[in-house]
Amino acid sequence: MYDVIIVGAGPAGLTAAIYARRASKTVLVLEAKAWGGQIINTPDIENYPVVAHISGADFANELYNQALALGAEVKLEKVIGVEDLGKIKKVRSTLAEYEAGAVILATGSENRKLGLDREQELTGRGVSYCATCDGNFFRNKDVAVVGGGNTALEDALYLADLANKVYLIHRRDAFRGEETTVDRLRQRENVEIIYNATVTALLGEKRLSGIEVTDKITGGKRSIELKGLFVAVGRIPENESFSALIDLDQAGYAVAGENCRTKVPGVFVAGDNRTKEVRQLVTAAADGAVAATEAVKFLNA
Amino acid sequence: MAIREINHGDFEEVVLKSDKPVLVDFNATWCGPCRMLKPALEQVAQERPDVVVVGIDIDENSDLAEEYDVFSIPCLVLFKDGMEADRSVGLIPKEQVLSLLD
Ligand SMILES: Cc1cc2nc3c(=O)[nH]c(=O)nc-3n(C[C@H](O)[C@H](O)[C@H](O)COP(=O)(O)OP(=O)(O)OC[C@H]3O[C@@H](n4cnc5c(N)ncnc54)[C@H](O)[C@@H]3O)c2cc1C
């Protein structure tokens, strides 16, 4: 039995662990993949107060070591369910079952998939969710970016410097992202923007060789030969395992106010998987502090 | 124990001609998820002496990355008798690395 079990060892979860340990509570953090969360994907963080520049991997390791040094226990196990038994919460992982007085859900978010046939199979074989990570493999090749937000626009601009040709495929007739980025893209000779269209099939046997694009207005289909498809259609919160326990909004975010309390007493939510306006490291860390403080208050009551 | 890094010079000897299965970790110094995968690989190497675990920097060995269709890293490729037997793309926990070996 632990005082607090934290699900997810991203910035929110590990910050919560630090605060709960400093309040002398026993803490178990359960993490599905690797400590650090999404931030490990970026080489450059430049907006975290006091730290002018740090890589995502260093940020993750420093934070992890800080939580460990304070006595938090971290296990690499994916949580598949949390049950509320009043004073006790049961947390089930892929390997074991644990009990805690309070639970903090800090599971963040993951890349939204297109939902196409063989998407998983072709991931890493032409389909990618990270242009800055994988762009280099497509030097002087033809690639496409799907999406209409800032990430998609920035990915297209980044790839335009590397690739032979970049198709930017957007399902609407205008972009949601910043106008200046859109203008810069329009000036690139090797960028072709395809509006009102969706990717409807992935082509190729062992590796991606092309895509089928469907025009949403005419219904017409065309095939485009290319080597890389970069998917930038947003992120989705990882809350499916808790949908029976707490309230989720339409987009799947865990409903909780600034005090990080869910409708279940003793179950808190912290970080990117919570309903809120700004999803950044500093707000994830802030949530971790608040959720842990609330959990300690709940345990001491 | 650090994972041994190999390159195109010794690839054939270490990977293709190996008697034991070889788990190759295609990675790059700038790749965060690759760095996060390393501790798990080190543990696997320790627990499974029947398997050889090596790393390949894709920036210095782009020919090997191309030959083996590596388009995303980290990418783990398991070789048995010189042939690809299995692969996994992206950061995965240790248990999943182990299950790749069986
Ligand atoms: C490429 C990129 C660059 C970014 N750059 C910046 C930046 O420069 N500055 C900035 O402030 N923010 C940046 N962000 C945003 C920042 O990374 C997030 O806001 C922050 O990581 C959110 O932290 P979190 O702890 O809420 O969630 P996450 O970081 O998503 O961590 C959640 C953790 O929970 C784990 N998990 C999920 N489900 C389960 C489960 N069922 N059981 C166990 N564990 C589970 C996940 O594996 C993950 O490790 C960037 C994000 C990306 C993707």
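Only a predicted model underlies this, so the values are computations on that prediction, with no experimental measurement involved. Just so you know, these numbers use all the heavy atoms, side chains as well, and skip hydrogens, waters and symmetry mates. Below, read A as the first sequence line, B as the second, and so on, with proteins coming before strands; counting in each chain starts at 1.
For A/Thr132, the part sitting under 4.5 Å from any heavy atom of chain B is the backbone (N, CA, C, O) and nothing else. Residue A/Lys227: no heavy atom, backbone or side chain, is found under 4.5 Å from chain B. Contacts of B/Ile58 with chain A are made by side-chain atoms alone, with heavy-atom separations under 4.5 Å and no backbone atom involved. Proximity to chain A (any heavy atom under 4.5 Å) is restricted, for B/Glu95, to the side chain, taken from C-beta onward. With a 4.5 Å cut-off on non-hydrogen atoms, A/Arg207 touches chain B through its side chain but not through its backbone.
Most heavy-atom pairs under 4.5 Å with chain B: of the set A/Ala60, A/Pro43, A/Gly124, A/Ala32, this distinction falls to A/Gly124. Top candidate by heavy-atom pairs under 4.5 Å with chain B, chosen from A/Gly36, A/Gly228, A/Cys133, A/Gly56, is A/Cys133.
A cation-pi arrangement is absent between A/Lys141 and B/Phe71 under the rule of less than 6.0 angstrom and at most 45 degrees off the ring axis.
Distance alone, capped at 3.5 Å, places no donor-acceptor pair between the A/Asp155 side chain and the A/Cys130 backbone.
Remark: A/Glu46 CD is packed, more than 12 non-hydrogen atoms of other residues, nucleotides or ligands lying under 6.0 Å away. Remark: B/Glu5 CD is packed, more than 12 non-hydrogen atoms of other residues, nucleotides or ligands lying under 6.0 Å away. More than 12 heavy atoms of other residues, nucleotides or ligands lie within 6.0 Å of CG in A/Asn164, so this atom counts as buried by the packing criterion.
Side-chain contact check for A/Asp134 versus A/Tyr129: every heavy-atom pair is 4.5 Å or farther apart.
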